Protein chains: 2
Amino acid sequence: MTELGDTMKASKAPAIARAAAVLRLLGKRGVPMGVQAIARELGLVPSTCLYVLRALVAEELVAFDADTKRYTLDAGVLTLARAWLRRDQFNDLAQAPLDRLAREFGITTLGVQVFGLDHIIVTAMSQSGQNFQLSTQVGSRFPALVSATGRCIAAFGNYPVSELEPRFEHLRWDEAPSWQEWLAQVEEARLSGVAVDAGHYIAGVTVIAAPVWKGGRDDTRRPGHALVAIGIGAALRSELPRLKEALKGAARSLGEQLEG
Amino acid sequence: MTELGDTMKASKAPAIARAAAVLRLLGKRGVPMGVQAIARELGLVPSTCLYVLRALVAEELVAFDADTKRYTLDAGVLTLARAWLRRDQFNDLAQAPLDRLAREFGITTLGVQVFGLDHIIVTAMSQSGQNFQLSTQVGSRFPALVSATGRCIAAFGNYPVSELEPRFEHLRWDEAPSWQEWLAQVEEARLSGVAVDAGHYIAGVTVIAAPVWKGGRDDTRRPGHALVAIGIGAALRSELPRLKEALKGAARSLGEQLEG
DNA sequence: GAATGTTATTCTGTATATTGAATGACGGAA
DNA sequence: TTCCGTCATTCAATATACAGAATAACATTC
């Protein structure tokens with residue numbers, strides 16, 4: 001599409017951009033797809049698409065069913081992911097405090113990695129086993145500015161308002177806040193060091209996020225990660241102040257441990 | 001290197017083979033690496049390697065530290081893996097019986113995907129929480145012919161002996177069986193429908209593997225998956241016959257459910 | 001401070017990956 | 001059956017990604 005075209009033309013290895021686009025498409029769709037369908041969707045020439053697919057099959061990143069001539073993701077992607085999980089320092093260090101918080105407060109906690117104003121990816125998760133819990137999966141992507149992490153990124157990223165507003169407009173919420181409300185909440189997050197989403201993103205669910213800076217807090221740089229706590233709003237209310245402090249503390253000490 | 005050269009020259013999209021090789025290298029090493037080091041290791045020209053890396057960074061599959069000029073895997077690989085896990089039919093269906101077996105026998109169970117005679121990848125795992133357990137991680141790769149899965153693949157894959165022997169020679173075992181012993185064990189697996197490795201691969205540990213055929217057993221095709229049970233040899237002895245039957249049954253019924 | 005070994009990066013001609021049209025292969029409709 | 005549309009795949013011409021040398025930016029060592 002147009003987005004693919006941009007990343008491709010700039011690069012000196014456009015095949016890689018195409019390959020990544022194919023992998024992501026196959027991941028998103030989930031259903032086995034034929035060459036033509038993939039090519040059409042991505043705006044690729046069918047023959048080129050075929051070569052890309054063949055190369056990916058050779059690498060075991062894509063599986064090919066010779067009978068139906070359909071392609072799907074293959075298990076090779078798992079191997080890469082495992083390697084990443086094993087070596088990511090944030091992930092290693094985050095798991096213990098996330099577990100502790102989840103257990104102590106009976107909530108779900110997440111570690112996320114921030115990709116600018118585009119999106120965040122969940123890289124670690126812990127759930128208190130007791131009863132039902134909201135939960136995502138490791139690897140999930142969310143728009144950067146949504147929910148508590150969104151306010152967190154806005155509050156500590158030093159982005160100009162002109163960059164924030166257009167992105168804000170496109171977000172989906174259960175109970176969307178107004179632009180002015182949101183700005184006020186961002187300002188509050190900046191002052192308190194923790195961002196809160198009280199039922200806006202998902203009705204009845206409170207989300208809290210604290211920024212993590214490599215090597216400790218540094219207001220001149222943008223936080224690369226965040227710790228997130230998710231709980232039922234009603235059940236959380238009395239504990240909220242304590243949880244905010246606990247999350248902020250965990251995020252701070254985690255940041256100080258990062259990068260030696 | 002030579003292997004990379006082969007897959008590359010055959011392909012009409014060599015950049016993808018290079019990209020995959022870079023990703024795997026970064027995954028294997030775990031440490032951040034510079035352009036030159038990567039290029040040297042893979043037998044690439046530094047400039048080409050640089051372009052590959054830049055493309056991968058643009059796709060968020062590789063992270064670049066501008067200060068140290070070092071590259072590592074990035075979280076994007078996780079997103080792909082998650083997409084794969086969510087829609088792999090074998091994985092979905094395998095988890096429940098794996099959990100059941102793990103709990104009932106107090107062992108670790110695995111679901112694996114077979115890649116010909118090359119290797120297998122662990123795609124699902126279940127551990128009985130009680131005490132210490134041998135365990136791998138989802139995403140791990142093993143040589144195809146090693147341990148119980150190896151005998152399983154040899155027994156049901158209809159491979160000519162001439163293809164098996166050279167690969168067999170290169171395997172690493174705690175207590176390597178002789179070629180003749182191994183062939184006898186393979187034959188036994190063929191007759192009984194389950195393969196057993198009694199302390200050969202890892203001393204003191206018994207591994208059992210049963211083949212899974214899409215759409216039910218079909219001796220004209222090769223099994224694409226297998227269920228594996230891992231337990232301490234001594235603790236398992238009395239239960240072994242029952243476990244073998246249980247694993248075989250689970251593998252059969254799983255195969256029948258696959259592919260609609 | 002000069003010299004030497006690194007490193008990452010830019011530059012340029014050419015081998016080649018990409019393209020779009022042509023060819024086959026298939027499946028459903030008439 | 002024969003037609004038609006759609007599919008995957010091959011092919012030959014050309015735009016371009018790539019290899020290799022040259023450059024630039026470092027550290028380290030003398």
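Both backbone and side-chain heavy atoms feed into the values below; hydrogens, waters and symmetry mates do not. Bear in mind that the values here come from a model prediction, so they are computed numbers and not experimental data.
You'll find that the side chain of A:K12 is closest to D:dC18, out of D:dC18, D:dT9, C:dA8.
Sorted by first and then second residue, the salt bridge (Lys or Arg N to Asp or Glu O under 4.0 Å) pairs with a member in residues 26-38 of chain A read A:R29-A:E41; sequence neighbours excluded. Within the structure, the salt bridge (Lys or Arg N to Asp or Glu O under 4.0 Å) test picks out the following pairs touching residues 115-124 of chain B (sequence neighbours left out): B:D118-B:R167. Listed by first and then second residue, the salt bridge (Lys or Arg N to Asp or Glu O under 4.0 Å) pairs involving residues 212-221 of chain B are B:R217-B:D219, B:D218-B:R221 (not counting sequence neighbours). Screening residues 26-50 of chain B for ring-ring contact (aromatic ring centres under 6.0 Å, His included), with sequence neighbours left out, gives no hits. A ring-ring contact (aromatic ring centres under 6.0 Å, His included) check over residues 137-156 of chain B, counting only residues at least two apart or in different chains, returns the pairs B:F156-B:W213. Within the structure, no pair that satisfies the ring-ring contact (aromatic ring centres under 6.0 Å, His included) test touches residues 28-55 of chain B, not counting sequence neighbours. Within the structure, the salt bridge (Lys or Arg N to Asp or Glu O under 4.0 Å) test picks out the following pairs touching residues 142-166 of chain A (sequence neighbours left out): A:R151-A:D197. For the side-chain hydrogen bond (donor to acceptor under 3.5 Å, both in side chains) condition, the pairs that include at least one residue of residues 64-81 of chain A, sequence neighbours left out, are A:D74-B:Q113.
Side-chain contact annotation: A:Q95 with A:N91, donor-acceptor N/O pair under 3.5 Å absent.
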N/O-N/O pairs, protein side and nucleotides 22-29 of chain C side, under 3.5 Å:
none

Pairwise N/O distances under 3.5 Å, protein to nucleotides 22-29 of chain D:
none

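The stretch residues 29-36 of chain A does not touch DNA chain C, since none of its heavy atoms comes less than 4.0 Å from the strand.
Applying the salt bridge (Lys or Arg N to Asp or Glu O under 4.0 Å) criterion to A:R141, with sequence neighbours excluded, gives no partner residue.
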